[in-house]
Structures are given as C-alpha cells and as structure tokens.
Amino acid sequence: MTSHHQLKDYSSSSTVGSEKVIEHGQHASDAFEDDVDTESITPAVAGQPMGENALEKQISIMSAPSVNNVRSVPNGGLLAWVQVAGSFFLFFNSWGIVNTFGVYQTYYETGILASSTPSNISWIGSIQAFLLMLVGALTGPIYDAGYFRELLITGSFLIVFGQMMLSLCTSYWQVLLSQAICVGLGCGCLFVPAVAILSTYFTTKIATAMGLAAAGSSLGGVIYPIIFHRLQPSIGFPWATRVIGFIMLATLLIPNVGMKVRVLPAARRKFLDLAAFREAPYFLFVFGGFLGFMGLYTPFFYVQTYAIAKHITDENLGFYMLSIINAASIFGRIIPNYVADRTGPINMIVPCALISGIVSLCLIPVSSVASLVVLCLVYGFFSGTFVSLPPTIFVLLSPNRGMIGTRMGMGFSVVACGLLIGTPVCGLILKASSFEYVWVFSGALTILGALSMAGCRVAQGGWSLMKKV
C-alpha cells in the first residue's frame, strides 16, 4: 500500500509533522482512505517522532481490518454465507423459541398450569422474550471484547439445559425458572452474535442477509409447535419437551462450529450513547418499536386459544394457527428484506407494521376457518418484516459503525419493555372482558408504532416518497 521509497523518505526525517504528511504522504493518504479506517491512526502520525520500525508497525495496525472500514467488508463469498447459515440457526433457537410459546400457552391453560390465569401463564413467554432482548443488549460489550465463542457456548448450554429441565416441571414456579429465566437468558446470549456478526460481512446486501437469517425464527416457530402438538398426546409432555431439546442441541452445533468473527471494534464501545435519543430519527424509531412490539406478539400468544374458545376451529386445527403465522413469516422476513436493499429498510417497515396492526383489528369479526387462516397468513407475512428489519435500521441510524452495537442494544432494551408487558396486559383484558378488546389493544398499539416509525422516516429522509431510506 505504501512503497519502500516512501518509508525511506519518512524515516530520513526525525519528525513527521502535519506538513511532512502533506508533502510526502499525500498519495499514501489517498490509498489509506480507501482501505483503512483512518480513525485507528494513533497520534504518532500526527506530529510525534517516529522511527522506521515504529512507522512500519503503525502501517501494519492501520492495514488491519476495521469495523468502520466499509470497503473491506466482503459482502458475499462462502465464509460470509456460512455466517448467515449460522445466524439462521441462532434465530431458529432464540426467536424461534419465543414464537413457539403460543402452543405452550394453550397447553398450559388446560394442562399442568390449569390453575393459573392466562395472564400469569403469558408472563412466562413475555419474560422469555424480554430477557432475549435485554440480555442481548447487555452482552454487546462482551461480544465487542472478543468473547463471541463464549457467548455461543453459554447460550447454547442454557437453552438446552432449560428445555430439559422444563420436561421435569410440574408447577408454575418451576416452569418460570426453566422456560422463562434459563431459556430466556440463553436466547439473550445468542441474540447479539446472530445480529452483529452479519454487519461485518455484508454492506449493500445486509438486509437480504439479515432477512435470510431471521427466517430461522419463523421456521423454528413452525417446526417446534407441530412437533410438540403431535408428540405430546402420544408420549406425554416430558418426552415431547425432551425431543425438542435434542433438536435444539443438534441445530446449535452448526453455528458453534461454523461461525467466525471477521473483525471487532478497535476499542471497546461505550455502554450507553444517550445522545442518540436526542436524534429525532432514532428516538421515533425506538418509541415506535416499543409501542409496536407491545401489541405485535398478541396473535402469536392467543390466536390458538381464540380459535378454539370461539369454536372457529376444532382443537386439532386450532393448534396449527400459530404454525400458519410462522410459516407465512418465513417469506415475510426474506422477500421484503430483499426489496428493502433497493427501497430502503424504513420505507419497507412502515407499511408492513401498519398492515400488521390493521390485520389484528380484522380478527374481531372472524367466524370461519377460511377467514382465520387467511388473516393468519397475512399477519405472519407482514409481522415477519416488522421483526426482521429493525437490526438493519439500527445500522442505518448509526453513522459511526463502531457504535452500532451500543445503539442497537439501547434500542432493543426499550423495545423489550414493550414486549414484556404487552401479552400479560392482554391476559388481564381477556379475563375482564373478551377477545374483541384484546385485538383492539393489539391492533391499536401496532398502528401507533407504525405511525411513530413513519415520523422516523420523515425525520431521516424528508417528505420525498422516492428517496431510499
């Protein structure tokens, strides 16, 4: 990158001041701007004495891959797509588990937790989802410090161990500890590695890569409920739960073997960047996520119970409503994300979030199997986009790529609070009134979240509808 003649010319002078850099290093500077993160240049280049060996060492440091050096990102290739596959199975066993809780909600209400209210039961799933996001935010600095492998191993162990312990549970507090706390903590350990590593392998294809990886959560939400529903009547709750645990173990081996960190931030990132909340686009997007996720997961938790309680379907078909939502969500995480690389992620998430809220309201008058299935398919597709695009948008709203983890962590911590309280509130509403008000709560909050994100879009890109944002 810098010729031997230039090194010799530099070393012949006892001091490399700013004038010397301009005089002798203009061409080298141009080259460095193409391939090197200029923020990593130490003060030695800016006016302190430097010998030839020190200069060669400085050039070696500057030539190393940097998280801010966008041009060095491979944006494809075998190793990059292997990371997508690894992230796919991390999503499969984190968000996929969260997406599965609806089948447990329905089973617990008539099974081992029949004495508990729907609201109390839904706390199990909401705490699990809350810990996924919150712990994911807290483990960001651990990832930045280079403990990627340790996070994978710890998260994988906690998920499998918690699932196996769940098979032994017979009371509410035991289920809370194993399924909500233990599995939730494990999911949180896997969330940051699944998201953060892709931004170091992709730039212009980041939304596509993220969508393909996030499709793992939908596939997990299809497969796990079907397995549980088919096996539980024949082999019982304990062994149905263990079978799922063994599947988790097998699929988690893939990311543990295949995933590899390409580059880490040059310095440990700040844990907080409170100034980000003074930026209108960031604040409006995070606030929209808080409102949207408070209502978004209500159908995932309650659509099965709704279909059975209202006698829209029989008990057997009712269990498949959740799998139908998650099956449609697979395409909702891939197709819109692919389009988002061309239109902009915020332009894509706003209408998808709005449609998700409208579909929730449309569940109120449903009275036939056909209409319920159609609404589940539509909801699954558009809610999948709402779930999968936020990481890409946080990248967009972070001008300094070294602060992506910080901003993503803060944002998801706020969103996690909405996810925590949303479904238990729906349980209280259901106990006090009826499902109609549950869907009103869900739809209204999701629509309000979409409107806040629309404000983010205007603040970030202006009123032009054709601008990519």
Side-chain angles (χ1 to χ4, degrees), residues 95 97-134 166 169 171-181 183-184 187 221 225 228 237 290-313 315 318-319 321-322 325-326 356-357 359-364 366 372 375-376 379 383 387 415-449:
W95 279 109
I97 295 172
V98 172
N99 291 344
T100 301
F101 185 77
V103 73
Y104 286 100
Q105 173 86 25
T106 305
Y107 169 75
Y108 289 154
E109 288 180 9
T110 57
I112 61 174
L113 302 182
S115 59
S116 301
T117 65
S119 179
N120 287 339
I121 293 172
S122 66
W123 275 110
I124 298 169
S126 63
I127 290 174
Q128 186 184 77
F130 171 76
L131 288 176
L132 187 158
M133 283 192 170
L134 181 65
L166 178 61
C169 295
S171 62
Y172 182 85
W173 70 268
Q174 293 173 339
V175 175
L176 188 69
L177 286 176
S178 58
Q179 190 170 19
I181 306 298
V183 175
C187 292
F228 181 83
F237 174 79
F290 170 81
L291 293 176
F293 273 83
M294 195 185 300
L296 188 72
Y297 267 80
T298 301
F300 286 86
F301 279 44
Y302 288 103
V303 70
Q304 294 184 141
T305 305
Y306 176 63
I308 297 170
K310 292 293 184 179
H311 305 290
I312 300 171
T313 68
E315 185 171 331
F319 269 97
M321 291 300 108
L322 178 61
I325 290 178
N326 284 312
S356 297
V359 173
S360 289
L361 295 176
C362 290
L363 286 169
I364 296 173
V366 166
L372 181 61
L375 287 176
C376 286
Y379 188 82
S383 65
V387 171
V415 171
C417 295
L419 189 55
L420 173 66
I421 64 178
T423 52
V425 169
C426 288
L428 293 174
I429 294 173
L430 181 59
K431 183 180 179 181
S433 56
S434 63
F435 272 108
E436 285 75 11
Y437 294 98
V438 170
W439 303 133
V440 168
F441 176 86
S442 172
L445 283 172
T446 308
I447 290 172
L448 288 174

Do F290 and C417 make a side-chain contact, defined as non-hydrogen atoms from C-beta onward lying under 4.5 Å apart? yes
Would you call I124 and Y172 a side-chain contact if the rule is heavy atoms closer than 4.5 Å? yes
Measuring from atom [atom1] of [X] to atom [atom2] of [Y], what distance do you get when rounded to the nearest 0.5 angstrom?
X: S360; Y: L445; atom1: OG; atom2: CG; answer: 10.0 Å
X: N326; Y: N99; atom1: CG; atom2: CG; answer: 4.5 Å
X: K431; Y: N120; atom1: NZ; atom2: CG; answer: 7.5 Å
X: F130; Y: I421; atom1: CZ; atom2: CD1; answer: 10.5 Å
X: L375; Y: L363; atom1: CG; atom2: CG; answer: 5.5 Å
X: L176; Y: Q128; atom1: CG; atom2: CD; answer: 10.5 Å

Minimum heavy-atom distance between [X] and [Y], given as atom pair plus value:
X: A180; Y: L131; answer: O-CD1, 3.5 Å
X: V438; Y: C426; answer: CG2-O, 3.6 Å
X: P118; Y: Q105; answer: O-NE2, 3.2 Å
X: G295; Y: P299; answer: O-CD, 4.0 Å
X: A444; Y: L361; answer: N-CD2, 4.4 Å
X: L113; Y: S171; answer: CD2-C, 3.8 Å

Under 3.5 Å, is there a donor-acceptor pair between the side chain of [X] and the main chain of [Y]?
X: S383; Y: S356; value: no
X: Y302; Y: T423; value: yes
X: T106; Y: V103; value: no

Evaluate the side-chain contact (heavy atoms from CB on, under 4.5 Å) criterion for residues F293 and V387: first the C-alpha distance (whole Å), next the side-chain angles of each, then the deciding distance (0.1 Å), finally the verdict. CA-CA 9 Å; F293 273 83; V387 171; 4.3 Å; yes
Could you label the plane-to-plane angle of the W439 and Y306 rings as parallel, tilted or perpendicular, counting under 30° as parallel and over 60° as perpendicular? perpendicular
Stepwise side-chain contact (heavy atoms from CB on, under 4.5 Å) test for L419 and V98: CA-CA 11 Å; L419 189 55; V98 172; 5.5 Å; no
With F435, the side-chain contact (heavy atoms from CB on, under 4.5 Å) member among V366, V303, T305: T305
Set out, in order, the CA-CA distance, both residues' side-chain angles and the distance that settles side-chain contact (heavy atoms from CB on, under 4.5 Å) for F301 and L322, then state yes or no. CA-CA 8 Å; F301 279 44; L322 178 61; over 6 Å; no
Please check if atom CD in E315 has more than 12 non-hydrogen atoms from other residues, nucleotides or ligands closer than 6.0 Å. no
Derivation and outcome, side chain to side chain donor-acceptor pair (under 3.5 Å), residues Y108 and Q179: CA-CA 13 Å; Y108 289 154; Q179 190 170 19; 2.7 Å; yes
Verify the ring-centre separation between [Y] and [X]: is it less than 6.0 angstrom?
X: Y104; Y: F228; value: yes
X: Y107; Y: F237; value: yes
X: F300; Y: F101; value: no

